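Following: one structure in structure tokens, then a few remarks.
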Amino acid sequence: MIFAIISIMRIVSGEFGGRPLKTLEGKTTRPTSDKVRGAMFNMIGPYFDGGNVLDLYAGSGGLSIEAVSRGMTQAILVERDRRAQAIIQENIKMTQSESQFKLLKMDAQKALSLLNQQFNLVFLDPPYAKEEVIKNIEQLDKSDLLADNVVIVCETDKSVALPEEIASLGIWKQKTYGISKVTVYVK
């Protein structure tokens with residue numbers, strides 16, 4: 001019986017560009033493909049001059065690692081699945097810049113109650129997209145965890161219709177890539 005299939009993708013660009021990125025495929029995680037990840041960063045950047053990243057449903061950690069590779073200073077990755085946590089730790093080790101990453105081994109709601117810093121870039125790719133995205137953004141805003149220049153990138157199934165505004169944020173950009181939809185919110 002096979003419990004997990006590990007596939008290899010790559011960091012698209014930046015300091016760690018071209019390095020292998022392990023992903024855990026299965027029912028608990030949905031890795032963002034290299035193509036979609038590259039398109040996401042072209043929508044929002046593609047490069048950064050420092051800042052803090054929060055990846056609330058980290059999966060393999062690919063989005064946060066890509067963000068740090070492209071110039072973000074520090075990333076906090078939140079993941080509750082133990083198998084995914086092991087993959088994230090391997091991927092962080094691959095960067096040889098472990099001090100720039102912090103893995104919180106817990107669910108998103110618990111992490112949101114513990115965090116006490118502001119983020120410039122937030123990735124949301126929850127399993128139950130619409131309801132969780134709305135709830136997460138409202139909590140981030142209410143808890144004052146969003147910097148004034150925050151960019152929140154939500155990845156959902158293309159059929160999910162997110163609201164134009166959530167809390168103090170509104171949709172800035174939205175694009176469909178195959179079966180995925182990327183929605184970007186800003187203040």
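Note that the structure is a prediction, hence the values are computed from the model and not measured. Residue numbers start at 1 and run along the sequence shown. Both backbone and side-chain heavy atoms feed into the values below; hydrogens, waters and symmetry mates do not.
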List the steps and the verdict of side chain to side chain contact (heavy atoms under 4.5 Å, CB included) for V182 and Q174. CA-CA 6 Å; V182 176; Q174 191 170 57; over 6 Å; no
d(K110 NZ, L115 CG) to nearest 0.5 Å is 12.0 Å
With E138 as partner, the option from N136, I134, L140 fulfilling side chain to side chain contact (heavy atoms under 4.5 Å, CB included) is I134
D144 side chain near Q118 side chain, heavy-atom distance below 4.5 Å: yes
Find out whether R80 and M106 are in side-chain contact, i.e. whether some heavy atom of one side chain is under 4.5 Å from a heavy atom of the other. no
What are the two closest heavy atoms between I171 and L162, and how far apart are they? CD1-O, 4.2 Å
N120 side-chain N/O to V150 backbone N/O, donor-acceptor pair under 3.5 Å: no
According to side chain to side chain donor-acceptor pair (under 3.5 Å), who are the partners of D157, at least two apart in sequence or on a separate chain? S159
State which residues pass side-chain contact (heavy atoms from CB on, under 4.5 Å) with Q117; sequence neighbours excluded, sorted by chain then number. N52, Q74, I76, F119
With sequence neighbours left out, which residue pairs that include part of residues 46-70 fulfil the salt bridge (charged side-chain N to carboxylate O under 4.0 Å, His left out) condition? R37-E66, E66-R70
Donor-acceptor contact below 3.5 Å, side chain S143 vs main chain Q139: yes
For the student: nearest non-hydrogen atoms of Y185 and I137, plus distance: CD1-CD1, 4.0 Å
Is there a path from Y47 to V151 through hydrophobic residues (I, L, V, M, F, W, Y) whose side chains come within less than 4.5 Å of each other? no
I want to check something: taking the side chain as every heavy atom from C-beta on, are I65 and L63 in contact at a cut-off of under 4.5 Å? no
State, to 0.1 Å, how close E155 and M40 come at their nearest heavy-atom pair, and which atoms those are. OE1-CE, 3.4 Å
In terms of side-chain geometry, is the basic nitrogen of E90 or K93 positioned less than 4.0 Å from the acidic oxygen of its partner? no
Counting only heavy atoms not in I179, do more than 12 fall under 6.0 Å of its CD1? no
Can you label the angle between the F16 ring and the F101 ring as parallel, tilted or perpendicular, going by 30° and 60°? tilted
Do the non-hydrogen side-chain atoms of V133 and P126 ever get within less than 4.5 Å of each other? yes
Enter the distance from N91:CG to S64:OG here, rounded to the nearest 0.5 Å. 10.5 Å
Strictly distance-based, threshold 3.5 Å: is any side-chain N or O of S60 a donor or acceptor partner for the main-chain N or O of G62? yes
If I take atom CD from residue Q100 and atom OG from residue S69, how far apart are they, to the nearest 0.5 angstrom? 9.5 Å
With rounding to the nearest 0.5 Å, note down the distance linking CG in L104 to CG in L114. 7.5 Å
Could you report the tightest heavy-atom contact between K22 and I87, atom names first, then the distance? O-CG2, 3.2 Å
Any side-chain heavy atom of L145 within less than 4.5 Å of one from L54? no
With no hydrogens and no angle check, is any side-chain donor or acceptor of K181 less than 3.5 Å from a backbone partner on V160? yes
Student check: side-chain heavy atoms of L146 and I152 closer than 4.5 Å: yes
Minimum heavy-atom separation for A84 and G59, please, with both atom names. CB-O, 3.4 Å
Step by step, work out the side chain to side chain contact (heavy atoms under 4.5 Å, CB included) result for I92 and Q89. CA-CA 5 Å; I92 288 172; Q89 288 175 316; 5.6 Å; no
If you look at every heavy atom in G61 and I88, which pair is closest and at what distance? N-CG1, 3.8 Å
To the nearest 0.5 Å, what is the distance between CD (E98) and CD (Q96)? 7.5 Å
E132 vs Q109 side-chain heavy atoms within contact, under 4.5 Å: yes
Residue pair L77, K102: steps toward the side chain to side chain contact (heavy atoms under 4.5 Å, CB included) verdict: CA-CA 6 Å; L77 301 87; K102 182 175 183 180; over 6 Å; no
Could you tell me whether a side-chain N or O of Q85 sits under 3.5 Å from a main-chain N or O of E79, the two making a donor and an acceptor? yes
